[in-house]
Amino acid sequence: MLKKLFKSLRSPLRRGKHPHSTPEVLSSSQHPINRGEISRYATSVVERLQHAGYQAYLVGGCVRDLLLDIDPKDFDVATSATPEQVRAEFRNARVIGRRFKLVHVHFGREIIEVATFRANHPEGDEEENSNLSSRNESGRILRDNVYGSLEDDAQRRDFTINALYYDPATERILDYANGVHDIRNHLIRLIGDPTQRYQEDPVRMLRAVRFAAKLDFDIEKHSAVPIYKLAPMLREIPSARLFEEVLKLFLAGYAEFTYELLVDYGLFGELFPASAAALKADPDYTDALIRNALISTDLRIQQKKTVTPAFLFAALLWPALPARVIKLQDRGMPAIPAMQEAAHELISEQCLRIAIPKRFTMPIREIWDMQERLPRRSGKRSDLLLENPRFRAGYDFLLLRESAGEQTGGLGDWWTAYQDASDSDRRGMIRDLSQEASGDAPRKRRRSGSKRKRAPGADGAPKPTARE
Ligand code: ATP
Ligand code: MG
C-alpha cells in the first residue's frame, strides 16, 4: 500500500519543518485512500458542511491511518464553520469542551468530531482575545478558541503526519507540513519549534510517544530531545485530562512498547512517581510485574476482550506498596492495617497526578484486598471467595504477581486446580491444607477475641518487603 502511495507521488517533496501556505496536493491517483474506507457518516458531515458553503475536510488520525493501511479509530472533521454554525446544520450535534470547543455529531453510537479551523495565537496577543485564548506564564495554552484559516489550522496541529486534509468530494489530500514525507520515513515530527510546541501543551510529549508506539515510528531527533528536559511540565496538566491520556496510552493495544518509551523519555515518573521510585528500588520485579500486566492487556485488546482500567492501575501501583507498608510498620502499625493505610495513601497521592475516578479506585482496593484473602482458604472461605464478584480479577492479579517472581508457595496453582475441581475434590484440597499446616507445626488455637498477627508475605499474602 505504501509503495503504491509513494511510487505515484510525482511532484518533488519539499523538506523543512515549517508549514507552507500552499499545500502539496495529492490527487486521487497519487494516494491509496478510497472513499469506501471512510465512515459514511464522516463523509456526509463533510458534504453537508460543504453544501452549506463552508470548507470542510477529514483531518488528523484518520487520514494518517488510512495512508498507513490502518483502520482509523475515529474520523475527525475540520471546517471553516464555527461550532455554532456547525450545530445549526445538524440536529444531532452538541457543542462540547471549554479549553477547546468542538462539535460532536451523533449517528447512533458513532460520533464524528468537528473542529473549527484554529490559528496559533502568538504570545502577547492574549489581551485582544482573552476570552478566546489564554496562556499561563510558562507558555501553556489554557484556552484555544481563536479561529483561523485552513492554513492556520495546519500550522497549529501537533505533528506533520497529523496535518493532512482529505476532501472526499475531490478525493484530494492537502499536505501543508510534509506529513506524507514523514509518513514515508516513519517519523513523528512536531510542526514548528518543538520546545515551544511542548511548552504550549505538554500533553504533546505523551502524544509523541503514543503515536511512536502505535505506528512503530521514530520520534525525529529535534522533536525527541526536548522531552527529557520538559517532561516535568506534565505536572501542570489537570489530573482529569491526564487520566484520559493515560487510558489512551495503555488501552490502545501497544501498552508494553508505550511503557518502554515513557520510561526512556523520563515521562513515566511524571505520571506515576511512586511506581517510578519502585522501578529504581527493585527494577527487575517492578519492571516484570508492570510489563506482564501490559502484555496481557495488549493481548486482551488484540483478542477483543474487555479490559478494566482498575486492573491496570492496580498493577502499575502495586510495586510501590511495599516501601509504604514497611514505613508504617516501622512506626508500629500491625501488618494488615499498614497494608490498608499504605494502599489508601498511595491511591490518594496518585490521584493528585492522575484523577482516577472512584469507580476504578474502589476495584483497585478490592483487587489488592483479595491478595490478602486468597491465601486464607480454610473452611468455607475458599467457596465464599469463589463467589466474590472480584475473585477473577484477584486471581488473575495473583498470577501476575507470581509471573513477576513473587513466591506464594504455589497459591496460584492451588486456585487454578480448585476452580476446576469437583465438590468432593475441593473438600479434599481444603483438608490437605489443614493437614499441611498441622504437619509443619501444630497450630495454636486462637482464643476468641485475640488479635491475629500475620505478617504479609506469609502463605502467599502480599509480600511488601525487600527485607523479609
Ligand atoms: P487517534 O484518534 O488515532 O488517537 P488522532 O491523531 O486522530 O489519533 P486525536 O486526539 O483524535 O488524535 O486528535 C485529532 C487531531 O487533532 C490530531 O491528528 C491533531 O491534528 C489534532 N490535535 C489533537 N490534539 C492536539 C494537541 N494537543 N495539539 C495540537 N494538535 C492536536
Ligand atoms: Mg482521532
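Both counts, for ligands and for their atoms, begin at 1 and track the order of listing. For this chain, numbers begin at 1 and follow the sequence in order. Everything numeric here is computed off the predicted structure, so don't read it as measured data.
With respect to atom 4 (O) of ligand 1, the closest heavy atom belonging to the protein is Arg210 NH1, 2.7 Å. At the shortest separation from atom 10 (O) of ligand 1 among protein heavy atoms lies Arg207 NH1, 2.9 Å. Nearest non-hydrogen protein atom to atom 28 (N) of ligand 1 is Arg204 NE, 2.8 Å. The protein heavy-atom contact nearest to atom 19 (C) of ligand 1 is Asp158 OD1, 3.3 Å. Here the heavy atom of the protein found nearest to atom 1 (P) of ligand 1 is Lys73 NZ, 3.4 Å.
The heavy atom nearest to atom 21 (C) of ligand 1, considering only Arg64, Glu113, Arg157, is found in Arg157.
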Apply ring-ring contact (aromatic ring centres under 6.0 Å, His included) to the pair Tyr228 and Tyr265, showing each step before the final yes or no. CA-CA 6 Å; Tyr228 302 100; Tyr265 281 103; 5.2 Å; yes
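Summarising the local packing, CG of Asn34 is surrounded by more than 12 heavy atoms from other residues, nucleotides or ligands at distances under 6.0 Å.
Polar contact check, Asn162 against ligand 1: a nitrogen or oxygen pair lies under 3.5 Å apart. Looking at ligand 1, you'll find an N or O of Asp76 within less than 3.5 Å of one of its N or O atoms. Considering backbone and side-chain atoms together, Gly60 places no N or O closer than 3.5 Å to any N or O of ligand 1.
Between Glu270 and Arg353, the closest heavy-atom pair is O-NH1, 2.7 Å. Nearest heavy atom pair, residue Thr286 against residue Ser275, reads CG2-O, 4.1 Å. Contact detail for Arg35 and Glu171: the closest heavy-atom pair is CD-OE2, 3.6 Å. Looking at every heavy atom in both residues, Tyr254 comes nearest to Thr258 through O-OG1, 2.6 Å. Nearest heavy atom pair, residue Gly253 against residue Ile301, reads N-CD1, 3.8 Å. Closest approach of Lys73 and Asp65 over heavy atoms only: N-OD2, 4.4 Å.
With Thr116 contributing its side chain and Ala81 its backbone, the two residues share a donor-acceptor pair below 3.5 Å. Between the side chain of Glu89 and the main chain of Val86, no donor-acceptor pair closer than 3.5 Å is present. Between the side chain of Trp368 and the backbone N or O of Trp318, no donor-acceptor pair lies under 3.5 Å.
Only the side chain of Asp201 comes within 4.0 Å of ligand 1, counting heavy atoms alone; its backbone N, CA, C and O stay farther away.
In summary, the atoms of ligand 1 found under 4.0 Å from a heavy atom of Gly61, numbered by their order in the structure, are 5 (P), 6 (O), 7 (O), 18 (O). Each of the following atoms of ligand 1 lies closer than 4.0 Å to a heavy atom of Lys214: 3 (O). If you number the atoms of ligand 1 from 1 as listed, the ones under 4.0 Å from a heavy atom of Phe211 come out as 6 (O), 8 (O).
Put simply, part of Arg156 is less than 4.0 Å from ligand 1, judged by heavy atoms. Contact annotation: Phe159 has no heavy atom less than 4.0 Å from any atom of ligand 1. Ligand 1 lies nowhere less than 4.0 angstrom from a heavy atom belonging to Val203.
Put simply, Glu113 stays out of reach of the Mg ion (ligand 2), with no N, O or S atom under 2.8 Å from it.
Around the Mg ion (ligand 2), the two atoms OD2 of Asp76 and OD1 of Asp74 are separated by an angle of 100°, to 10 degrees.
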